[in-house]
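I have placed the structure first, in the form of structure tokens, so that the comments after it can refer back to it.
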Amino acid sequence: MDNSLKAAFLLNQNWIAEKKAVVFGVFEGEEIPCGLGFKKETAEKEAETLFPIFLRIKKHFAHKDFSGKFGEVAVLYPDDTLYKRVILCGLGKKEELDLDKIRQVASAAIAAAEKLHVHKISFTLFGAPAQSAQERLRAIFEGAALSLYKFDAYKTKPKDEIIPKAVISEVEFLLPEIIPEEEIVQWQKNLDGYVVLAEAVYFARNLTNQPASVMTPRFFAETADALGKNYQNVAYTVFKKKELAEMGMNGVLAVGGGSDNEPHMVVLEYKSIVDDAPTVALVGKGVCFDSGGISIKPSDNMDEMKMDMAGAATVMAIVLTAAKLALPVNVVGIMPLVENLPGPKAYRPGDIIKSASGKTIEVLNTDAEGRIILADALHYAVSQFKPVHVIDLATLTGAAVVALGSHYAALLSNDNALAAMLSKSGETTGEKVWRLPLDEAYKKQIESDIADVKNIGDRGAGTITAGMFLKEFIGDHQSWAHIDIAGTAMLSEKFSYRPKGGSGFGVRLLVDFLERLAKPSQNTLFEELAQ
Ligand code: BES
Ligand code: ZN
Ligand code: ZN
């Protein structure tokens with residue numbers, strides 16, 4: 001699996017060199033592109049290069065072919081400058097342009113460039129006054145890099161198109177000239193960090209998109225082992241069937257029992273060099289294929305259930321990224337991996353499972369399998385490590401897709417401060433979360449007549465009752481969050497920089513969260529709420 005970005009990303013302050021395609025951003029009704037920032041001395045020379053372009057932009061506005069509305073894209077060919085093509089992007093209203101809109105504009109520019117014959121694209125740092133040049137660079141980078149992702153490992157020949165799509169091999173960022181030269185080193189360092197993060201998203205997407213015939217629990221575990229070895233400060237442990245039985249992980253064993261691809265549980269531990277670093281435990285649902293089991297799913301769209309291990313893929317990506325970026329936080333990733341199939345050894349509706357925590361689960365639907373494996377994994381997380389926070393990521397319920405669609409993940413938490421922090425990270429990264437209540441009133445829906453708890457809730461509030469179920473297995477832990485990524489981690493259509501298929505949702509959200517945790521002094525919101 002090649003997780004590297006397909007294009008080179010470079011910084012450049014030289015505006016006057018020949019450029020194949022330059023992206024400018026224009027606000028609604030403004031006519032002049034924003035984010036250029038020249039030094040006074042060179043402004044005249046730049047003006048010479050740019051003036052003909054500005055005139056053409058004006059003409060577009062005059063002819064009402066372009067108005068700067070958000071999402072508009074026009075391509076200009078100004079033959080009287082060094083710029084072969086200009087991709088003009090509408091930014092919409094100045095007061096409405098946020099970081100995610102910047103990502104989307106960059107993505108639209110990439111889509112336009114791919115239709116042209118360009119291999120190299122230059123972005124100016126467009127944005128609103130409230131966004132620093134650094135924030136703009138990051139957002140434009142993310143929009144561009146995440147749009148260039150392709151899962152084409154299984155394509156034996158290129159698409160037969162009349163005009164073949166260009167392969168963009170170089171993305172350049174035109175930095176404002178006013179940035180002093182000595183600061184460029186820091187800019188480059190930051191850019192390198194963004195590349196690491198984008199590669200982590202590619203990695204999670206690649207794992208998620210692999211067919212279940214390849215991405216078996218064992219293959220996932222071997223991948224984690226091979227990659228974990230690249231880091232001195234990452235420890236890898238795998239529990240196979242025998243060990244899982246010894247540990248009483250009967251939930252993982254029951255769900256994985258129907259498949260010849262035996263269940264595994266992988267634990268990756270990144271230990272920071274900082275002595276008193278806090279530990280965060282991340283748990284990811286790793287159902288490598290969810291057929292529903294004996295309570296089998298309808299065949300329509302069942303193929304999508306190869307992506308039911310997106311939570312585990314995201315967790316692996318995050319732990320390895322924390323190690324790569326040497327974050328001053330210890331991160332434990334716990335990934336229970338199973339294949340949910342019907343068969344002579346499959347678990348059945350009516351079965352009662354004694355989970356690792358000792359609590360008994362009445363199985364009323366074998367398709368509600370994620371919560372059963374998470375029950376064991378969450379118990380393991382809180383009992384084996386001393387995590388300050390426990391966060392699980394899971395493509396857990398169809399109800400989350402019904403409630404929030406593809407643009408927000410559902411967040412359930414017993415800790416207001418943790419929920420607030422995750423929401424903040426969601427706004428920053430564009431991987432947004434929406435909190436649902438974990439009210440005790442819902443508990444009744446998962447009460448079983450013959451066991452401690454049943455694995456489906458009575459009618460209604462499916463995402464919440466799944467959360468209430470998980471809460472049964474965190475013991476008395478006071479800071480846990482459950483993120484249901486069923487609607488966001490796997491997409492049935494492309495949304496801007498998030499492609500069809502695995503999206504890698506959660507990687508940027510949680511790396512941002514870990515970075516915030518590492519800098520508590522800058523995190524006044526958290527401190528206020530933690531009081
Ligand atoms: N993996 C599914 C949830 C899912 C559905 C993810 C659609 C992504 C898209 C999960 O295991 C499941 O089947 N959940 C059931 C639970 C029900 C039986 C209580 C569901 O949501 O229908
Ligand atoms: Zn299921
Ligand atoms: Zn599932």
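For ligands, and for the atoms within them, numbers begin at 1 and follow the listed sequence.
With a 4.5 Å cut-off on side-chain heavy atoms, L438 and W480 count as touching.
Taking a 6.0 Å sphere around NZ of K241, one finds it holds 12 or fewer heavy atoms contributed by other residues, nucleotides or ligands. More than 12 heavy atoms of other residues, nucleotides or ligands shown are found within 6.0 angstrom of CZ on R435.
Contact detail for A204 and V507: the closest heavy-atom pair is CB-CG2, 3.9 Å.
Taking all heavy atoms of G398, G370, S291, G293 into account, the minimum distance to atom 22 (O) of ligand 1 is reached by G398. Closest heavy-atom approach to atom 17 (C) of ligand 1 among the candidates G457, A368, A310: A368. One option in L364, I485, L396 has a heavy atom closer to atom 14 (N) of ligand 1 than any other, and that option is L396.
The atom of D308 nearest to the Zn ion (ligand 3) is OD2, with the search restricted to N, O or S atoms. Residue-level check: among N/O/S atoms of E369, OE1 sits closest to the Zn ion (ligand 2). In D290, the N, O or S atom that comes nearest to the Zn ion (ligand 3) is OD2.
At least one N, O or S atom of D367 sits under 2.8 Å from the Zn ion (ligand 2). Coordination check, K285 versus the Zn ion (ligand 3): passed, since an N/O/S atom of the residue sits under 2.8 Å.
For the ligand labelled ligand 1, residue M307 lies outside the 4.0 Å heavy-atom shell. Remark: distances from the non-hydrogen atoms of E304 to ligand 1 are all 4.0 Å or more.
Aromatic rings of F9 and F141 (six-membered ring for Trp) have centroids within the 6.0 Å cut-off, being under it. When ring centroids are compared, Y380 and F473 stay outside the 6.0 Å threshold.
Taking a cut-off of under 4.0 Å to the non-hydrogen atoms of A486, the atoms of ligand 1 that pass are 6 (C), 8 (C).
Proximity of M309 to ligand 1, defined as any heavy-atom pair under 4.0 Å, is not found for any part of the residue.
The shortest N or O to N or O distance between R371 and ligand 1 is not below 3.5 Å. Looking at D367 next to ligand 1, an N or O pair under 3.5 Å apart turns up. Taking any N or O of T397, backbone or side chain, none lies under 3.5 Å from an N or O belonging to ligand 1.
At least one donor-acceptor pair closer than 3.5 Å links the side chain of N340 to the backbone N or O of T366. In this structure, K444 contributes its side chain and I446 its backbone to no donor-acceptor pair below 3.5 Å. Counting only distance, with no hydrogens or angles, the side chain of N206 and the backbone of M1 share no donor-acceptor pair below 3.5 Å.
Atom 18 (C) of ligand 1 has its closest protein heavy atom at N365 ND2, 3.5 Å. At the shortest separation from atom 2 (C) of ligand 1 among protein heavy atoms lies D290 OD2, 3.6 Å. The single protein non-hydrogen atom nearest to atom 19 (C) of ligand 1 is I456 CG2, 3.3 Å, given as residue, atom name and distance.
Within the cation-pi definition used here (under 6.0 Å to the ring centroid, within 45° of the axis), K101 qualifies as a partner of F70. With Y149 as the aromatic partner, R205 meets the cation-pi criteria of under 6.0 angstrom to the ring centre and within 45 degrees of the ring axis.
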